[in-house]
Amino acid sequence: MGAATSPADRAAETGGPSARPPGPPKTASGSHVPDADERAADGPSGADGATAGGDDPATAGESGGARRSRRFPSLTRDTARPEGGGRAAPGDAPAPARQWPLLAVLCTAGIGLLIVAVDPFAEAFRVGTILIGCALLGGAVLRLVVPSVGMLAVRSRFTDLVTYGLLGFLIVMLALVAQPKPWLDIPFLEQAVHFTIR
């Protein structure tokens, strides 16, 4: 039995339609022109790569952003809304109504600053400062009681409560013990001040 020959070998011998030319095609300048098999083996590159990558669904999903990674991004582009940071009124309400907790705190603190600046009566400094501290304490109460306080929510509920409450309490206490003629007399406070100054 002789060696078996395939149909492709017989076609190559007879010069049939499936016979491939012995050498790669060349242009008029003599440079090599890659055929379709060589281009496919090289992979997409340049302009061909752009069109080939756009037609491939797997490549298009990665480059087009349709496929999202479950890993945390190295650069965050936005910030999550804090707990209770939603609107304080429905979305169809006017803007001041949606932010009434923040406006209440800001207006009260603004009135206290105005009283301190204008100084219309004898104890204006003390009254205005107490009003500013009460505005911050009111902000802490609103943050605790109202479920959605809008832009009054800066961080978590606990952090906002501690910040507003502590600052408001300190401002009120400083206004009460301010000299001369303090409204609140704390005996050990005077001794502590004298001890630190000496």
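FYI, side chains are in, hydrogens and waters are out, and symmetry mates aren't considered; it's all heavy atoms of this structure.
Contact between Pro101 and Ala88 at its shortest, heavy atoms only, is CD-CB, 3.6 Å. Scanning both residues, Ala140 and Gly165, for their nearest heavy atoms gives CB-N, 3.8 Å.
Summarising the geometry, atom SG belonging to Cys107 is positioned 9.0 Å from atom CG belonging to Leu102; distances are rounded to the nearest 0.5 Å. The distance from atom CG of Leu113 to atom OG1 of Thr108, rounded to the nearest 0.5 Å, is 11.0 Å. Considering CG of Leu161 and CG of Leu166, their distance stands at 12.0 Å, rounded to 0.5 Å. Here Leu131 contributes atom CG and Arg126 contributes atom CZ; the two are 14.5 Å apart, rounded to the nearest 0.5 Å.
Residues Trp100 and Val149 are members of one and the same hydrophobic cluster, defined by side-chain heavy-atom contacts under 4.5 angstrom among Ile, Leu, Val, Met, Phe, Trp and Tyr. A single hydrophobic cluster is not seen to contain both Ile130 and Ile132; linkage of ILVMFWY side chains at heavy-atom distances under 4.5 Å, directly or through other members, places them apart. In the hydrophobic clustering of this structure, Leu106 does not group with Val116; members are Ile, Leu, Val, Met, Phe, Trp, Tyr whose side-chain heavy atoms approach within less than 4.5 Å, directly or through other members.
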Please report, to 0.1 Å, the donor-acceptor pairs under 3.5 Å made by any side chain of residues 151-158, with sequence neighbours excluded.
| from | atom 1 | to | atom 2 | distance (Å) |
| --- | --- | --- | --- | --- |
| Ser156 | OG | Thr159 | N | 3.3 |
| Ser156 | OG | Thr159 | OG1 | 2.9 |
| Arg157 | NE | Arg143 | O | 3.0 |
| Arg157 | NH1 | Glu83 | OE2 | 3.0 |
| Arg157 | NH2 | Pro147 | O | 3.3 |

List the atom pairs, donor and acceptor, that lie under 3.5 Å between side-chain atoms in residues 170-186 and the rest of the protein, sequence neighbours left out.
none

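Checking Leu144, Val145, Leu137 one by one against Val141, the side-chain contact (heavy atoms from CB on, under 4.5 Å) holds for a single residue, Val145.
Side-chain contact between Ile111 and Ile115 is present, with heavy atoms from C-beta onward closer than 4.5 Å.
Legend: residues meeting side-chain hydrogen bond (donor to acceptor under 3.5 Å, both in side chains) with Arg98, ordered by chain and number and at least two apart, are absent.
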